[in-house]
Amino acid sequence: MMDREIPFRFEVTNSASQLLSEHSDLTEGGSSGKTVSVAGRLMLRRDQGKIVFGVLQDSTERIQLFASEKNTPDFEIFSNLHLGDWLGVTGEVIKTKRGEISVRVDSWVLLAEAKRSFPDKWHGISDTDIRYRQRYVDLWVTEESRETFRTRSRIISLIRNWLENRDFMEVETPVFHPIPGGAAARPFETHHNALDIDLFLRIAPELYLKRLVVGGFEKVFEMARVFRNEGISTRHNPEFTMLELYEAYADYEDIMRLVEDLVSELALEICGSTVIQYDGRELDLSTPWERSSMLDLLNEKIQTNINLQTPIEELRKLCGDLSVPFKDHYGSGKLILELYEKTTEPELWGPIFVTDYPQEVSPLSRAHRSSPDLVERFEAIVAGRELCNAFSEVVDPDDQRSRFAAQEKSRDAGDEEAMVVDEDYLRALEYGLPPTGGLGIGIDRLIMILTDTQAIRDVILFPTLRPEQE
RNA sequence: GCGCCUCUAGCUCAAUUGGCAGAGCAUUUGACUCUUAAUCAACAGGUUCCGGGUUCAAGUCCCGGGGGGCGUACCA
C-alpha cells in the first residue's frame, strides 16, 4: 500500500463502546437503520469465504465488523487485511444471527498498515522486556495495561481537581537547579553551554515552592517530575512524579488530614470503596488513619525505651545487637532512624502516619513544639511502603541556616546526599515565610496502590531501561 | 555493586541421561455465506542472545560477555 493511498483524515462518528451500549436492544439478525463510521485496529479476522468477520479495537472497546462479497467494496483486499492494520469503516449497525452487534462494512479505508507481525492473538506479550521497551505494542495488545494507564490519567486529573477545589494553585518551577535541594538524593548533572554553568536536574521542587509561599501564593502545588541518580527497582525509577504542596498557616496535623482525605476519596472514586485489596491483602483507607510516633513504634517493637537523650554508645550497641549497619559519623538521630527503618518500618502495613522524626535527619522540618529534639514531620506508610513525607516547615532563617550548616558537616564526614547550603533560599526566608505545612507524595506509588500493581514500571509508560544494543 | 533465575521462529511455548531443533498463533497459498482465539488443508519460517571451551556429538555441560526478571545494597 503506497503512502499516497492513505488518507489524511477520517471522520469518526462513534466509538465502539458507544455503539455497543446504544444498540444493545437490537434483535438477532436485525439492523438499526443507522450508518456510522468507526476506526481502529483490526485485532481478529475470521474469513468465511464470501463473508468475513473482523474485530476492530479503538481506544474504548472492540466491535465486530461484518463484511460480505455482496456489500463490501474491494472485498478481496479486505479479506486479506493483516491483524494490526488500522481501518476506517463506514456502514450500518447490525446484529448478526448469533447476536453480535456489528458494523456492516459498506465502505472502508486502510488508515495504516501493520508491517510488523502481530503478537500472539491469544497470549499477547509476556516478555517484560518487550512490554516496557515497546510500550506501543503492550498497550495495543494488553487490556490490563491500557486500563492501568487510563486509571493513572484519571487519578492525576482527580488530584488536580481536588486541590483546585480547595484553592490550591498549580505552578511550574524549574527542572534545572543550580543547587540540588529539597531532598537527600544524588542528582543528575548537566551543563548549560551559553551560561557555561553546571546544572542539576531537580531532586525535589520543595525549595522553589516555599519561595512562592514567601511571595504570597498561600496554597501552591506542583505535579513535579523529579530525577534521582539512584538504583532501579520495583519501587524506584530514576525519574518519577512527585506531588508537592504547601499551605500557609497550616501545620503537619492539617497536612495529615489533607492526605487521609485525599487518598481515601481517591480510593472511593477509583476503586469504589475505601477498603481495597492490594497484593492480595486488605487495605482499609477509611479515615481517620492511625497516628503514632516513630519512637513509640520503635520502642514497642524492640522493647526498649530509647530517645534522643539516650547515650550514643548505647544506641550504637543496640544497632550492633540488632545487626543494623551504621557509620561512625551517624549521630543519635540517624542511628534511631536506622533502627526504625530496619526493624519497625518493614512490618508496618498501614495506613499509618508515623510522626516526629529526629531533627538530625530532617533539615527542613520545624522543631517539634513540645519536644524540640524532634521535628514535626510524618511519613504515611500505606500498603507497607512510604507513600509521602510531610512536615511543618522551618520558617526561621537562622534556624534553617544552622540546619544547613549541620548538613555541610555530615557532607564533609562523607554523606554524599547531605544538603547543600542554598543562600538564595535563606534570603527568601529572611523576607518572611509564615507558618507553612508541606507535603510530598510519590504519585507513582499511589497509583500502584490504587491499581493493585506491584512494579513501578507498570505505572510508568516508558520506564528507564538500558538502551538496546545493535 | 553483589546473589539467584532466565534468554529457542514475529509472538506464546516444547525438545527425556548430551544424540536429526518442534508445535500453536501470526505470515504466504488454497477451501468455506453468521463466525466468536472460527475451522480445514498446504508452503515457508532458526547465528537456540554473543564469544570461547569440553565432547565422536552441545539448545542442553563449563568459562567469559550481553539483555531481562527477582532479591539485596543504595534510595533520610
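Throughout, a chain's letter reflects where its sequence line sits, starting with A, and its residues are numbered from 1.
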Picking from B:U12, B:A76, B:C34, which would you name as closest to the side chain of A:Ser126? B:U12
Among B:A76, B:U33, B:U27, the one nearest any side-chain atom of A:Lys50 is B:U33
Checking B:C34, B:G68, B:A76 against the side chain of A:Phe66 (C-beta onward), the nearest is B:C34
If I take atom CG from residue A:Leu429 and atom CZ from residue A:Arg211, how far apart are they, to the nearest 0.5 angstrom? 9.0 Å
Looking at every strand, decide which applies to A:Met294 at a 4.0 Å heavy-atom threshold: base, sugar-phosphate, or nothing. nothing
For B:A9 and B:A15, measure between their C1' atoms and round to the nearest Å. 14 Å
From CD1 of A:Ile232 across to P of B:G1 the rounded distance in Å is 11 Å
Minimum-distance nucleotide to A:Leu44 side chain [options: B:A38, B:C74, B:U27]: B:A38
Please determine whether the number of non-hydrogen atoms from other residues, nucleotides or ligands lying under 6.0 Å from atom NZ of A:Lys301 exceeds 12. no
If you count heavy atoms of other groups shown closer than 6.0 angstrom to CZ of A:Arg146, is the number above 12? yes
Watson-Crick/G-U partner (both atom distances under 3.5 Å) of B:C2: B:G71
Cation over ring face, A:Lys327 and A:Tyr330, 6.0 Å, 45°: no
If you look at every heavy atom in A:Leu387 and A:Arg445, which pair is closest and at what distance? CD1-C, 4.2 Å
Phosphate OP1/OP2 of B:G67 contacted by A:Arg466 side-chain N/O (<4.0 Å): yes
Give one of base, sugar-phosphate or nothing for A:Arg133, where a contact means two heavy atoms less than 4.0 Å apart. sugar-phosphate
Check whether any side-chain heavy atom of A:Phe200 sits under 4.5 Å from a side-chain heavy atom of A:Phe176, and report yes or no. no
Separation of B:A26 atom C1' from A:His123 atom NE2, nearest Å, is 13 Å
For B:C25, which nucleotide in any strand shown is its Watson-Crick or wobble partner with both distances under 3.5 Å? B:G10
For B:G51, which nucleotide is its Watson-Crick or G-U wobble mate, given both distances must be under 3.5 Å? B:C63
Pick the C1' atom in B:G51 and in B:C13, then give their distance to the nearest Å. 27 Å
Where the side chain of A:His236 is defined as all heavy atoms beyond and including C-beta, which of B:A37, B:C75, B:A76 is the nearest nucleotide? B:C75
Between B:G3 and B:U16 - P atom distance, rounded Å: 29 Å
The nucleotide from B:U27, B:A76, B:C11 with an atom nearest the side chain of A:Glu379 is B:A76
What nucleotide, of B:A37, B:C11, B:A76, holds the atom closest to the side chain of A:Trp122? B:A37
Checking base pairs now: Watson-Crick or wobble, both atom distances under 3.5 Å. What partners B:A57? none
Roughly how far apart, to the nearest Å, are B:A58 and B:C20 at atom C1'? 14 Å
How far does the P atom of B:U12 sit from the matching atom of B:C49, given to the nearest Å? 14 Å
What contact category does A:Thr234 fall into here, base, sugar-phosphate, or nothing, at under 4.0 angstrom with non-hydrogen atoms? sugar-phosphate
Whole-Å distance, A:Glu386 CD to B:A76 C1', equals 8 Å
Taking only the side-chain nitrogens and oxygens of A:Ser233, find out if one of them lies under 4.0 Å from OP1 or OP2 of B:C74. no
Rounding to an integer number of Å, can you tell me how far A:Phe240 CZ sits from B:C75 P? 14 Å
Is there a Watson-Crick or G-U wobble partner for B:A44 with both distances under 3.5 Å, and if so, which one is it? none
Measure the distance from CG on A:Leu364 to C1' on B:A76 and round it to the nearest whole Å. 11 Å
Using whole Å, what does the distance between atom C1' of nucleotide B:G10 and atom CZ of A:Phe118 come to? 12 Å
Span that lies between the C1' atom of B:A37 and that of B:C43, in whole angstrom: 23 Å
What's the closest nucleotide to the A:Lys97 side chain, out of B:G10, B:A76, B:C34? B:C34
Indicate, with a heavy-atom threshold strictly under 4.0 Å, whether A:Pro358 touches base, sugar-phosphate, or nothing. nothing
Identify whether any heavy atom of A:Glu341 sits under 4.0 Å from a base atom; if not, whether one sits that close to sugar-phosphate; answer base, sugar-phosphate or nothing. sugar-phosphate
Base B:G24 paired with A:Asp120 side chain (donor-acceptor, <3.5 Å): yes
Name the nucleic acid region contacted by A:Ser68, choosing base, sugar-phosphate or nothing; use a 4.0 angstrom heavy-atom cut-off, strictly under. nothing
Counting the atoms with a prime plus P, OP1 and OP2 as sugar-phosphate, which does A:Ala184 contact under 4.0 Å by heavy atoms, base, sugar-phosphate, or nothing? base
Out of B:C74, B:U36, B:A76, minimum distance to the side chain of A:Lys342 belongs to B:C74
For A:Trp289 and A:Phe378, I'd like to know if the aromatic rings sit close, meaning centre-to-centre distance below 6.0 Å. no
Mind checking the P distance from B:G45 to B:G22? Whole angstroms is fine. 12 Å
Take the protein atom CD1 of A:Ile51 and the nucleotide atom C1' of B:A31, then report the distance between them rounded to whole Å. 15 Å
Within 45° of the axis and under 6.0 Å from the centre of the six-membered ring of A:Tyr357, does NZ or CZ of A:Arg377 qualify? yes
Determine the contact category for A:Lys121: base if any of its heavy atoms lies under 4.0 Å from a base atom, sugar-phosphate if only primed atoms, P, OP1 or OP2 are that close, otherwise nothing. sugar-phosphate
Rounded to whole Å, please give me the gap between OH in A:Tyr357 and C1' in B:A76. 9 Å
Applying a 4.0 Å non-hydrogen cut-off, can you work out what A:Gly124 is touching in the nucleic acid: base, sugar-phosphate, or nothing? sugar-phosphate
Give A:Glu417 one of three labels, base, sugar-phosphate or nothing, depending on what nucleic acid heavy atoms sit under 4.0 Å from its own. sugar-phosphate
How long is the span from the CG atom in A:Leu283 to the CG atom in A:Leu450, to the nearest 0.5 Å? 9.0 Å
Using a heavy-atom cut-off of under 4.0 Å over every strand shown, decide if A:Asp127 touches base, sugar-phosphate, or nothing. sugar-phosphate
C1'-based separation of B:G46 from B:U8 [nearest Å]: 8 Å
For A:Arg131, answer base if it contacts any base atom (sugar-phosphate contacts may also be present), sugar-phosphate if it contacts only those atoms, and nothing otherwise; contact means non-hydrogen atoms under 4.0 Å. nothing
As a test of reading the structure: which of B:C75, B:A76, B:U36 is closest to the side chain of A:Arg46, going by heavy atoms? B:U36
